[in-house]
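Data first, discussion second: the structure below is written as structure tokens.
In this text the structure is predicted, and so the values were computed from the model without any measurement.
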Amino acid sequence: MNSTAIQQTPKSQINFEQVKKKQRMKSFSKGMLFLLPSIVLFSVFLFYPLARTIYLSFFLTDAAGATTVFVGWENYVTMFTSPIFLQSMKSTFLFVLYTVPITIIISLFLAVIANEKLKGIGFFRTIYSSTMGISVAAASVFWLYLFHPSMGPLNLLLNAIGAEGIGWLTDPSWALFAIAITTIWMNIGFTFLILLGGLQSIDSSLYESADIDGAGYFYKLRRITIPMLSPTLFFVVTVTIINAFQTFGQIDILTQGGPVNSTNLVVYSIYREAFVNYKFGSASAQAVLLFIIILLMTFLQFKFGERKVHYQ
């Protein structure tokens with residue numbers, strides 16, 4: 001009896017392992033079937049374009065985009081020795097520095113105000129988030145009118161108080177700042193809405209406990225609101241940084257990269273190199289570099305920024 005049981009035990013274990021393996025394969029196959037549409041879409045619209053861009057960055061191309069001569073790293077060397085591209089990189093990082101902190105601070109301020117239980121606050125919530133529903137083209141045309149040197153309201157206001165008008169879009173020292181103002185105004189709606197949702201998800205019992213202890217408004221803001229909102233802030237900062245590096249529409253409408261390349265951000269430089277100069281190899285090299293920069297910025301954000309995130 002004992003010898004028979006000993007002989008049968010390995011067989012039963014083998015059968016059990018086979019059944020378990022079949023179940024795992026079945027579950028894997030089902031999962032892949034559910035993921036198949038996403039895999040196909042990502043392959044067509046993301047993975048293949050990325051691989052194609054990396055491939056083109058090592059070639060010279062003709063006007064149709066077909067590869068002609070393999071040049072290796074020459075496109076990258078030319079890119080880093082080009083004064084125009086180096087100016088473009090400088091302008092891009094300055095633009096990110098101008099837009100990201102100010103957008104977050106203004107949106108957080110508005111979200112904290114809009115989260116208060118006041119009469120008619122719904123109207124202001126709608127106003128604060130309204131820029132989210134305006135297209136880049138419409139917003140850019142609106143600001144193009146505001147920045148007009150002679151009949152723009154901004155310069156008319158400056159003239160009314162005795163100050164000299166500013167060449168918002170024609171002066172190299174002001175053009176990037178003007179684009180930043182436009183971008184901040186456009187991004188506030190989305191950022192405000194996300195932060196407001198984060199504020200409303202904070203457990204109200206935390207504030208009630210603080211009120212019982214006699215905590216003041218700013219103490220609660222510093223000790224409860226900001227820590228509890230940190231996951232939402234982390235998400236908003238990451239998305240805003242990525243969007244800032246990818247800014248294109250307002251530059252194309254307002255300045256076309258000028259004056260004197262002061263607003264020629266990397267994305268617009270890629271567009272101009274590819275579709276104006278027809279240098280697809282050089283444009284691909286710039287696109288690869290932009291991808292690496294955004295990837296690195298996102299990695300650093302997750303590496304160091306997430307340490308300060310407080311999850312409930």
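Under the 3.5 Å distance criterion, the side-chain polar atoms of T238 are matched with a main-chain donor or acceptor of F234. Checked by atom type and distance alone, the side chain of S269 never pairs as donor or acceptor with a backbone atom of N264 at under 3.5 Å. Although no hydrogens or angles enter the test, the distance criterion places a donor-acceptor pair under 3.5 Å between the side chain of D62 and the main chain of A64. When atom types are taken as modelled, the side chain of S88 and the backbone of I84 share no donor-acceptor pair closer than 3.5 angstrom.
One finds the CZ atom of F275 at 10.5 Å from the CD1 atom of I270 (value rounded to the nearest 0.5 Å). Going from atom CG of L110 over to atom CG of N115 covers 12.5 Å, rounded to the nearest 0.5 Å. One finds the OH atom of Y271 at 14.5 Å from the CG atom of L265 (value rounded to the nearest 0.5 Å). Taken from CD1 in I188 to CG in L193, the straight-line distance is 13.0 Å, to the nearest 0.5 Å. Rounding to the nearest 0.5 angstrom, the gap separating the OG atom in S38 from the CG atom in L46 is 12.0 Å. We find the CD-CZ distance between E273 and F280 to be 10.5 Å, quoted to the nearest 0.5 Å.
Residues I181 and F177 have side chains in contact (heavy-atom distance under 4.5 Å, counting atoms from C-beta outward). The side-chain heavy atoms of I134 and W185, taken from C-beta on, include a pair separated by under 4.5 Å. For the pair L195/V236, a side-chain contact is recorded, criterion being any heavy-atom separation below 4.5 Å from C-beta on. For the pair L144/L169, a side-chain contact is recorded, criterion being any heavy-atom separation below 4.5 Å from C-beta on.
Taken together through direct or relayed side-chain contacts under 4.5 Å among Ile, Leu, Val, Met, Phe, Trp and Tyr, M228 and L221 form part of one hydrophobic cluster. Under a hydrophobic clustering in which Ile, Leu, Val, Met, Phe, Trp and Tyr are joined whenever their side-chain heavy atoms come within less than 4.5 Å, directly or via other members, L199 and Y217 fall into the same cluster. When hydrophobic clusters are built by joining Ile, Leu, Val, Met, Phe, Trp and Tyr residues whose side-chain heavy atoms come closer than 4.5 Å, directly or via intermediates, I106 is grouped together with I113. F95 and L86 fall into different hydrophobic clusters, where Ile, Leu, Val, Met, Phe, Trp and Tyr residues are linked whenever their side-chain heavy atoms come under 4.5 Å apart, directly or through other members. The hydrophobic clustering, which links ILVMFWY residues whose side-chain heavy atoms are closer than 4.5 Å, places I241 and F235 together.
Annotation for N75 and L56: closest pair ND2-O, 4.2 Å, computed over non-hydrogen atoms. Between T53 and P49, the shortest heavy-atom distance links the atoms OG1-O, 2.7 Å. Nearest heavy atoms, L206 versus I224: O-CD1, 3.6 Å. The two residues M186 and T131 come nearest to each other via the heavy atoms O-OG1, 3.7 Å.
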Should L60 and E74 be marked as a side chain to side chain contact (heavy atoms under 4.5 Å, CB included) after you check the CA-CA gap, both sets of side-chain angles, and the distance that decides it?
-> CA-CA 10 Å; L60 294 179; E74 187 176 330; 5.8 Å; no
Is there a side chain to side chain contact (heavy atoms under 4.5 Å, CB included) between V239 and F190 once you walk through the steps?
-> CA-CA 11 Å; V239 171; F190 170 78; 4.1 Å; yes
Give the C-alpha distance, both sets of side-chain angles, the deciding distance and a yes or no for side chain to side chain contact (heavy atoms under 4.5 Å, CB included) between I293 and F93.
-> CA-CA 11 Å; I293 290 173; F93 279 100; 4.1 Å; yes
Evaluate the side-chain hydrogen bond (donor to acceptor under 3.5 Å, both in side chains) criterion for residues Y207 and T225: first the C-alpha distance (whole Å), next the side-chain angles of each, then the deciding distance (0.1 Å), finally the verdict.
-> CA-CA 9 Å; Y207 295 104; T225 304; 2.7 Å; yes
List the steps, then state whether side chain to side chain contact (heavy atoms under 4.5 Å, CB included) holds for F123 with I127.
-> CA-CA 6 Å; F123 171 76; I127 294 298; 3.8 Å; yes
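Considering K279, M89, M79 as possible partners of Q286, the one that fulfils the side-chain contact (heavy atoms from CB on, under 4.5 Å) test is M79. Checking each of V100, L108, I104 against T191 for a side-chain contact (heavy atoms from CB on, under 4.5 Å) leaves exactly one that passes, namely I104.
Side-chain contact, Y55 with S284: no donor N or O sits under 3.5 Å from an acceptor N or O. Using modelled atom types and a 3.5 Å distance limit, the side chains of S91 and Q87 yield a donor-acceptor pair.
Applying the salt bridge (charged side-chain N to carboxylate O under 4.0 Å, His left out) test to pairs two or more places apart or on separate chains, none has a residue in residues 18-33.
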Hey, can you pull the donor-acceptor pairs under 3.5 Å for the side chains in residues 145-164, sequence neighbours left out?
residue : atom : partner : partner atom : Å
H148    : ND1  : S150    : N            : 3.2
H148    : ND1  : S150    : OG           : 3.2
H148    : ND1  : M151    : N            : 3.2
N155    : OD1  : I166    : N            : 2.9
N155    : OD1  : W168    : NE1          : 3.1
N155    : ND2  : P149    : O            : 3.0
N155    : ND2  : I166    : O            : 3.0
N159    : ND2  : N155    : O            : 3.1

Just distance, no hydrogens or angles: give the donor-acceptor pairs under 3.5 Å from side chains in residues 244-262, sequence neighbours left out.
residue : atom : partner : partner atom : Å
T247    : OG1  : N243    : O            : 3.2
T247    : OG1  : A244    : O            : 3.0
Q250    : NE2  : T183    : OG1          : 2.8
D252    : OD1  : Y268    : OH           : 3.4
T255    : OG1  : I251    : O            : 3.4
T255    : OG1  : G257    : N            : 3.4
T255    : OG1  : T263    : OG1          : 2.7
Q256    : NE2  : D252    : O            : 2.4
Q256    : NE2  : I253    : O            : 3.2
N261    : OD1  : R272    : NH2          : 2.7
S262    : OG   : P259    : O            : 2.8

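In this pair, F58 and Y76 present their aromatic rings tilted. The plane angle is within the 30 to 60° band.
Around CZ of F299, the count of heavy atoms belonging to other residues, nucleotides or ligands within 6.0 Å does not exceed 12. Annotation for F28: atom CZ does not count as buried by contact number, only 12 or fewer foreign heavy atoms lying within 6.0 Å.
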